[in-house]
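Down below is the structure, laid out as structure tokens.
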Protein chains: 2
Amino acid sequence: MAEPMGSALARTTLAQLKARISAGEWPVGSRIPTEPELTEQLGVGRSTVREAVRSLATLGMVETLPARGTFVRSLTPAPSLLFDALQTYHPAELIGIRRALDVEAAQTAAAQWIPERLEAMETAVAIEMEAMREHNAGIPGGVTRCTLFHGAIAQASGNRLLADLDTSLSRALDSSGLGAHIAESIDPAVLLNEHDRILTSIRARDVAAAAHLMALHSDAALRTLRHTVLTTEMTTLSQQPG
Amino acid sequence: MAEPMGSALARTTLAQLKARISAGEWPVGSRIPTEPELTEQLGVGRSTVREAVRSLATLGMVETLPARGTFVRSLTPAPSLLFDALQTYHPAELIGIRRALDVEAAQTAAAQWIPERLEAMETAVAIEMEAMREHNAGIPGGVTRCTLFHGAIAQASGNRLLADLDTSLSRALDSSGLGAHIAESIDPAVLLNEHDRILTSIRARDVAAAAHLMALHSDAALRTLRHTVLTTEMTTLSQQPG
DNA sequence: TGTTATTTGTTCGTATGTATG
DNA sequence: TCATACATACGAACAAATAAC
């Protein structure tokens with residue numbers, strides 16, 4: 001781990017508190033001891049305790065409410081940090097990463113899906129189909145069209161980081177307004193057809209086809225934004241081994 | 001953005017310092033004013049200043065050296081947040097993402113490199129070649145073999161997120177010990193030859209070849225791992241519901 | 001070499017505002 | 001309204017590490 005604090009005492013104090021939180025000593029939502037109590041428990045001054053608690057708050061692991069106490073919010077540095085970090089980049093940079101991850105997710109999903117995850121992907125497509133029939137712009141839950149299906153594929157890849165990055169990228173793009181713009185710029189029927197073909201290739205465990213179709217699908221979204229599009233032919237040659 | 005600090009004064013103090021750093025008032029590597037100076041400038045107590053600076057250190061924007069001062073390390077919190085987030089995942093998940101990003105980086109670098117960035121990539125390969133001739137396991141600066149070249153490609157892509165993700169992934173893999181293991185499991189001569197062929201295709205702006213060669217290169221690293229340490233872990237990972 | 005100034009590290013006391021009962 | 005508990009915030013003081021002379 002990096003050295004976030006400048007001195008040994010403050011650093012070890014932070015490490016101790018982080019370890020006790022991650023160990024589940026204080027469940028999510030519960031209140032940790034007050035500053036004077038921690039001062040006594042850890043044998044350090046109140047300012048040192050405060051600095052450590054502040055760092056935990058910066059990491060999203062705790063939240064301190066004035067005059068009420070400090071409460072545990074997450075046993076690990078918050079996944080929302082990923083979202084915060086992504087939000088600092090230009091949407092075009094986010095889209096470039098998203099395309100690469102989408103292809104990877106499609107490949108891996110095709111190679112490694114289990115029945116439960118395939119069902120989730122088919123459900124996503126079914127929901128999209130229903131939404132299109134009813135001429136709704138969106139999908140129940142306020143989720144932008146496309147997000148649900150792509151998220152299901154990321155889940156099916158079995159890679160949690162891939163799934164979390166997908167979610168965070170979607171949120172970051174949505175907050176920039178580009179996510180909705182992409183979804184609305186594409187003919188729903190065409191989009192749904194592409195999704196269906198991708199799903200078919202995944203179901204058939206056709207890794208190359210899944211990667212190729214997903215690359216074309218992502219490029220279509222890119223084209224609507226008038227960004228430079230890279231060739232996609234060779235992407236399919238990078239098959240997942242095994 | 002979330003509100004990391006619990007009170008108004010400390011929060012605004014943090015916001016002011018963060019804004020001044022992001023604005024470039026203090027360049028990366030330079031020293032920010034001392035705590036007493038900031039206390040006077042901002043009109044708040046030294047404890048409050050210290051809490052704000054500590055939060056900046058937790059965000060990776062500054063690093064404070066005891067008795068020397070506090071130095072600017074990054075204009076944004078993003079790279080540090082990415083690293084913290086990535087570190088919570090399994091190395092096998094990191095590698096899966098890295099492969100996708102490496103292919104994307106090679107594609108984009110081939111399509112968009114500028115002379116200055118091409119020079120950086122060629123320098124990286126030259127350094128690797130020199131290190132191999134001297135039979136050194138590592139590269140000057142303690143950088144694991146492979147990291148320098150892949151980083152140069154990510155830089156050449158022009159996508160800051162891609163470059164930051166590459167750096168963070170390398171650091172996260174190194175801290176897990178897998179980065180070095182990968183580099184040492186591959187024949188240096190073979191690795192260097194692959195790097196050289198990738199560089200050649202990038203120089204020729206052959207996008208398809210760059211993507212293909214990089215995919216093969218990454219798969220070689222994956223195969224090495226799969227046949228050694230990760231066999232059971234990768235399979236169980238893909239079966240976990242999430 | 002050693003002395004001094006600078007800067008951060010740490011602790012403590014106290015005052016203030018706010019939520020709870 | 002009052003009393004209590006708690007978090008916020010300030011400032012003083014000393015310790016420790018570093019750099020410059």
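By convention in this document, chain letters (A, B, ...) are assigned in the order of the sequence lines, proteins followed by strands, and residues within each chain are numbered from 1.
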Next on the checklist: The criterion is salt bridge (Lys or Arg N to Asp or Glu O under 4.0 Å); which residues satisfy it with B:Arg117, sequence neighbours excluded?
Outcome noted: none

Next on the checklist: I'd like to check the salt bridge (Lys or Arg N to Asp or Glu O under 4.0 Å) partners of A:Arg46; sequence neighbours left out, ordered by chain and number.
Outcome noted: none

Checklist entry - By side chain to side chain donor-acceptor pair (under 3.5 Å), which residues pair with A:Ser175, not counting sequence neighbours? => result A:Gln87

Checklist outcome for this item: note: B:Leu9, atom CG; C:dA15, atom C1'; distance rounded to Å ~ 15 Å

Next on the checklist: What is the separation between atom CZ on A:Arg11 and atom P on D:dA17, rounded to the nearest whole Å?
Outcome noted: 13 Å

Checklist entry - Does A:Arg54 place a side-chain N or O at less than 4.0 Å from the phosphate oxygens OP1/OP2 of D:dT8? => result yes

Checklist outcome for this item: Out of D:dA7, D:dA9, C:dG9, minimum distance to the side chain of B:Thr64 belongs to C:dG9

Item to check | Atom CD of A:Glu37: over 12 foreign heavy atoms under 6.0 Å | outcome: yes

Next on the checklist: Whole angstroms only, please: what is the CZ-P distance between A:Arg50 and C:dT11?
Outcome noted: 14 Å

Checklist entry - How long is the line joining CZ of B:Arg46 and P of C:dT7, in whole Å? => result 11 Å

Checklist entry - Between D:dA7 atom P and A:Phe71 atom CZ, what is the distance in whole Å? => result 9 Å

Item to check | Results of salt bridge (Lys or Arg N to Asp or Glu O under 4.0 Å) for A:Glu119 - residues two or more places apart only | outcome: none

Next on the checklist: How would you summarise protein contacts on nucleotides 16-21 of chain C per nucleotide, using B for base, S for sugar-phosphate only and - for none, with heavy-atom distances below 4.0 Å?
Outcome noted: --BSS-

Checklist entry - Between the main-chain N or O of A:Ala105 and the side-chain N or O of A:Thr108, is there a donor-acceptor pair closer than 3.5 Å? => result no

Checklist entry - Who pairs with A:Arg171 by salt bridge (Lys or Arg N to Asp or Glu O under 4.0 Å), at least two apart in sequence or on another chain? => result none

Checklist entry - Rounded to whole angstroms, how far apart are CG on B:Leu65 and P on D:dA19? => result 9 Å

Item to check | Neighbours of DNA chain D within residues 25-32 of chain B, by heavy-atom distance under 4.0 Å | outcome: none

Next on the checklist: Need the pair for D:dA3. Rule: Watson-Crick or G-U wobble, both distances under 3.5 Å, any strand; none if unpaired.
Outcome noted: C:dT20

Checklist entry - Considering residues at least two apart in sequence or located in another chain, which fulfil the side chain to side chain donor-acceptor pair (under 3.5 Å) criterion with B:Asp102? => result B:Arg98, B:His150

Checklist outcome for this item: Taken to the nearest whole Å, CD/B:Glu63 to P/C:dT7 is 18 Å

Next on the checklist: Restricting to side chain to side chain donor-acceptor pair (under 3.5 Å), what partner residues turn up for B:Glu25, sequence neighbours left out?
Outcome noted: B:Arg20

Checklist outcome for this item: From CD of B:Glu51 across to P of C:dT8 the rounded distance in Å is 16 Å

Item to check | Nearest to side-chain heavy atoms of A:Thr48, which nucleotide of D:dT8, C:dT8, C:dT10 | outcome: C:dT10

Next on the checklist: Just to be sure I understand the rule, does A:Ser47 reach a base, reach only the sugar-phosphate, or reach nothing, if contact means heavy atoms closer than 4.0 Å?
Outcome noted: base

